[in-house]
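Read the numbers this way: they start at 1 and go in the same order the structure lists the ligands and their atoms. Side chains included, hydrogens not; waters and symmetry mates left out as well; all remaining heavy atoms used.
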Amino acid sequence: MTLLIRPVAETPHLPTIAAWLHAQWWAAGGYSLEATEAFLRRATGPAAPCALVAEQDGIPLGTATFDTDDLPSRPDLAPWLASVLVTPEARRQGVATALVRAVEGLAAAQGVRRLWLFTPDQAPFYAARGWVRSGEEQYRGSPVVLMHRDLG
Ligand SMILES: CC(C)(COP(=O)(O)OP(=O)(O)OC[C@H]1O[C@@H](n2cnc3c(N)ncnc32)[C@H](O)[C@@H]1OP(=O)(O)O)[C@@H](O)C(=O)NCCC(=O)NCCS
């Protein structure tokens, strides 16, 4: 699969990605679709925040964000790999893996030594890609696994 990965703000896919993220996470956080779109418009990188889209033949398949903050209980940690999402029909083809690597590359290019993420249920996916469990936290009243990855 040949993927093109670039900042969402540089593509015509911004409304689509905003709708995905809003439905998946942002609405539950009390944010409007307009606020989600506004975030994507300013998440241009190369420094965080930078929201990426992976596309094939002009079709958006997934997204991931290099972000300045993500887990309210750990404001001491930054920056973050956040909002990794692949459309159901494009899963298990390496799209998320490519997006994770792209965010790691963005962070490394910014001189980041340690990148963070949290996940309710995808820790094995990240562990298989070199991420290390750092402990448990709470997010919106539910347990999540905190993980980090040291960049070379
Ligand atoms: C979790 C999620 C992002 C994974 O996306 P994905 O694009 O399917 O991920 P990948 O294809 O890179 O890897 C998934 C699995 O497919 C396998 N895979 C990758 N390419 C493959 C291929 N060509 N053929 C068969 N399997 C393949 C990978 O080995 C991996 O399995 P593993 O975890 O046992 O190693 C996706 O399921 C999703 O969006 N879920 C909902 C949102 C979510 O939970 N996001 C994470 C929040 S922390």
Side-chain angles (χ1 to χ4, degrees), residues 1-9 11 13-33 35-37 39-40 43 45 48-108 110 112 114-152:
M1 162 175 286
T2 308
L3 288 175
L4 175 62
I5 296 181
R6 54 188 175 142
V8 175
T11 76
H13 306 306
L14 191 148
T16 302
I17 304 304
W20 292 357
L21 293 177
H22 188 253
Q24 185 81 21
W25 292 298
W26 285 61
Y31 295 95
S32 66
L33 180 59
T36 313
E37 289 178 346
F39 170 75
L40 292 176
C50 185
L52 299 176
V53 56
E55 58 191 287
Q56 186 178 38
D57 300 331
I59 310 290
L61 303 181
T63 184
T65 297
F66 173 41
D67 214 342
T68 52
D69 57 277
D70 203 25
L71 187 58
S73 63
R74 296 304 302 265
D76 53 316
L77 303 179
W80 296 82
L81 167 62
S83 304
V84 182
L85 180 63
V86 174
T87 53
E89 55 275 15
R91 289 177 189 169
R92 301 198 69 82
Q93 299 173 62
V95 176
T97 300
L99 283 161
V100 169
R101 294 296 181 235
V103 170
E104 291 171 356
L106 274 179
Q110 292 294 309
V112 171
R114 180 169 282 189
L115 194 55
W116 296 90
L117 69 75
F118 73 89
T119 177
D121 56 2
Q122 297 293 333
F125 169 83
Y126 294 108
R129 284 150 188 84
W131 288 74
V132 176
R133 286 172 180 257
S134 299
E136 272 211 4
E137 297 284 338
Q138 293 281 316
Y139 180 68
R140 295 178 184 164
S142 298
V144 294
V145 177
L146 178 68
M147 305 183 81
H148 70 268
R149 180 151 163 81
D150 289 331
L151 305 172

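The distance criterion of under 3.5 Å between nitrogen or oxygen atoms is met by A96 with respect to ligand 1. Checked by distance only, ligand 1 and W25 stay at 3.5 Å or farther apart across all their nitrogen or oxygen atoms. Considering backbone and side-chain atoms alike, P120 places every N or O at 3.5 Å or more from each N or O of ligand 1. No N or O atom of F125 sits closer than 3.5 Å to an N or O atom of ligand 1.
The protein heavy atom nearest to atom 39 (O) of ligand 1 is V86 N, 2.9 Å. L85 CD1, 3.7 Å is the protein heavy atom nearest to atom 42 (C) of ligand 1. For atom 44 (O) of ligand 1, the nearest protein heavy atom (residue, atom name, distance) is Q122 CG, 3.7 Å. Here the heavy atom of the protein found nearest to atom 30 (C) of ligand 1 is R129 NH2, 3.4 Å. Nearest protein heavy-atom neighbour of atom 12 (O) of ligand 1: T97 OG1, 2.5 Å. Here the heavy atom of the protein found nearest to atom 48 (S) of ligand 1 is T119 OG1, 3.3 Å. Scanning the protein heavy atoms around atom 46 (C) of ligand 1, the nearest turns out to be V84 O, 3.4 Å.
Atoms CG and CD, on L77 and E137 in that order, are 7.5 Å from each other to the nearest 0.5 Å. Here the CZ atom belonging to R74 is positioned 8.5 Å from the OG atom belonging to S134, to the nearest 0.5 angstrom. Between H148 atom NE2 and L81 atom CG the span is 13.5 Å, to the nearest 0.5 Å.
Taking each of G94, A64, A90 in turn, the one with a heavy atom nearest to atom 20 (N) of ligand 1 proves to be G94. Taking all heavy atoms of R92, R101, R91 into account, the minimum distance to atom 27 (C) of ligand 1 is reached by R92.
Counting heavy atoms from C-beta outward, R129 and R149 have side chains that stay 4.5 Å or more apart. Residues V100 and Y126 have side chains in contact (heavy-atom distance under 4.5 Å, counting atoms from C-beta outward). F39 has its side chain within reach of W26: a pair of non-hydrogen atoms, C-beta onward, lies under 4.5 Å apart.
For the residue pair W131 and E104, a side-chain donor N or O sits within less than 3.5 Å of a side-chain acceptor on the partner. Residues T11 and R6 bring no donor and acceptor atom of their side chains to less than 3.5 Å of each other.
A tilted orientation is assigned to the rings of F118 and Y139, their planes being inclined by 30° to 60°.
Only backbone heavy atoms of Q93 (N, CA, C or O) come within less than 4.0 Å of ligand 1; its side chain stays farther off. Of all the heavy atoms of Y126, the ones lying under 4.0 Å from any atom of ligand 1 belong exclusively to the side chain. At a heavy-atom distance under 4.0 Å, no atom of M147 approaches ligand 1.
Residue contacts with ligand 1: M1 is excluded, as none of its non-hydrogen atoms falls under 4.0 Å.
Enclosure of atom OH in Y31 is not indicated, since only 12 or fewer non-hydrogen atoms of other residues, nucleotides or ligands lie within 6.0 angstrom.
For atom 34 (O) of ligand 1, the nearest protein heavy atom is 4.0 Å or more away.
Between L61 and W20, the closest heavy-atom pair is C-CH2, 3.8 Å.
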